[in-house]
Amino acid sequence: REIKRTCVVGAGAIGSLFAGHLGNVAQMKVLTRRKEHAALLNTRGLKVRGKSALHANIQAATDPAALGDVDLLIIATKATAVEDSAKLIAGHFPSATVMTVQNGLGCEAVVARHGNWPIVSAVTFMSGVRHSDTEVEYELDTATWMGPWAGGSAGYADVQQIAALIERSGLKAKAFPDLLPAQWSKLLFNSCVNSIGALTDLPHVQAFAQREK
């Protein structure tokens, strides 16, 4: 089935990058925590600058019932918010394949407790800065890795279709038949880099370091 309707849950930096890009190749909806955030996205859309220069029209709401059904739903919240997000979408989006993009392990099982959606695991190496509710800067243009969650019904063909859509949007993606080794590599990478960044207060992107000089 062609992916025509997409939704992002969690419009921080990563969620906004997905929404801003995918909104130019598919119908984009965003589930927000704050009503004022949804109102601004509905009236102004979402602007992406930096590595991309885009503007996407957005349908946003705090109530999933107001958004209707979708084909692809991306949970882009922090890992600590996945449980609440899964509770919020329970009973909604019956046609969706759900993709989690948190670092670490186990978020897929949390989502599966609240619905029987096909689930795709993903980790992303892209990064950016969210300047406002309606503007995000795309800085590190590296790939999102994804694969079918072993505990669910999504297949590798589903993952390949999602990866193709993401690439059409201008982002980078790579599909894996089994994402678990890649998830572990990202977890180990973050454990090293984030610890050093926290101790030294150094930015992880050269461009950010140059701005601070």
For residues Val159 and Gly147, report the shortest heavy-atom separation together with the two atoms involved. CG2-C, 3.6 Å
Specify the closest pair of heavy atoms between Gly15 and Ala76, including all atoms of both residues, with the distance to one decimal. CA-CB, 3.7 Å
Between Asn116 and Ala112, is there a donor-acceptor pair closer than 3.5 Å when you use the side chain of the first and the backbone of the second? no
State yes or no: do Phe176 and Leu171 share one hydrophobic cluster built from I, L, V, M, F, W and Y residues joined by side-chain heavy-atom distances below 4.5 Å, directly or via other members? no
Hey, is the main chain of Asp141 close enough, under 3.5 Å, to the side chain of Lys172 for a donor-acceptor pair? yes
Nearest 0.5 Å please: distance from the CD atom of Gln27 over to the CD1 atom of Ile58. 10.5 Å
CG on Leu31 to CG on Asp63, rounded to 0.5 Å: 8.0 Å
Any pair with a residue in residues 90-123 that passes ring-ring contact (aromatic ring centres under 6.0 Å, His included), sequence neighbours left out, goes on the list, sorted by first then second residue, please. none
Hey, could you give me the CE/SG distance between Met28 and Cys7, rounded to the nearest 0.5 Å? 7.5 Å
One pair to check against side-chain hydrogen bond (donor to acceptor under 3.5 Å, both in side chains): Asp158 and Thr97. What are the steps and the verdict? CA-CA 8 Å; Asp158 301 314; Thr97 295; 5.5 Å; no
Gly45 backbone acceptor or donor facing Asn57 side chain under 3.5 Å: no
Checking the side chain of Ser95 only, and the main-chain atoms of Asp69 only, is there a donor and an acceptor separated by less than 3.5 Å? no
Qualifying residue for side chain to side chain contact (heavy atoms under 4.5 Å, CB included) with Arg49, from Glu135, Glu139, His55: Glu135
Determine, for Arg5 against Asp71, whether the closest basic-nitrogen to carboxylate-oxygen distance falls under 4.0 angstrom. yes
Could you tell me which non-hydrogen atom of Ala96 sits nearest to which non-hydrogen atom of Pro118, and how far apart they are? O-CD, 3.5 Å
Give the minimum heavy-atom separation between Ala60 and Thr32, together with the two atoms involved. CB-CG2, 4.5 Å
Which heavy atom in Gln59 sits nearest to a heavy atom in Ala66, and how many Å separate them? NE2-O, 3.4 Å
Donor-acceptor under 3.5 Å (Ser16 side chain, Ala11 main chain): yes
Please tell me if the side chains of Leu22 and Asn24 come closer than 4.5 Å, counting only heavy atoms from C-beta onward. no
Separation between CG of Leu41 and CZ of Arg34, rounded to the nearest 0.5 Å: 9.0 Å
Determine whether a donor-acceptor pair (N or O, by modelled atom type, separation under 3.5 Å) exists between the side chain of Ser52 and the backbone of Val48. no
Is there a path of hydrophobic side-chain contacts, each under 4.5 Å between heavy atoms of I/L/V/M/F/W/Y residues, joining Val120 to Leu105? no
Within a reach of under 6.0 Å around CZ of Arg33, are more than 12 heavy atoms found that belong to other residues, nucleotides or ligands? no
With side chains defined as the heavy atoms from C-beta onward, is the minimum distance between Thr6 and Leu165 less than 4.5 Å? yes
Between atom CD1 of Ile14 and atom OG1 of Thr77, what is the distance when rounded to the nearest 0.5 Å? 12.0 Å
The reported gap from CG in Leu17 to CD in Glu137 (rounded to nearest 0.5 angstrom) is 9.5 Å
Does Ile74 belong to the same Ile/Leu/Val/Met/Phe/Trp/Tyr cluster as Val110, with side-chain heavy atoms less than 4.5 Å apart forming each link? no
Using side-chain heavy atoms (C-beta onward) and a distance below 4.5 Å, is Trp145 in contact with Leu179? yes
Heavy-atom side-chain proximity of Val123 to Val101 below 4.5 angstrom: no
Applying the 4.5 Å side-chain criterion to the ILVMFWY set and letting contacts propagate, would Ile3 and Val98 be lumped into a single cluster? no
Please check: side-chain N/O of Gln102 versus main-chain N/O of Ile75, any donor-acceptor pairing under 3.5 Å? yes
Same apolar cluster (I L V M F W Y, side chains within < 4.5 Å links), Leu54/Met126: yes
Sequence neighbours excluded, every pair satisfying ring-ring contact (aromatic ring centres under 6.0 Å, His included) that has a member inside residues 16-38: His21-Tyr138
Heavy-atom side-chain contact between Val129 and His131 under 4.5 Å: yes
Heavy-atom side-chain proximity of Met99 to Leu73 below 4.5 angstrom: no
Heavy atoms of Met146 and Ala173 approach each other most closely as CE-CB, 3.9 Å
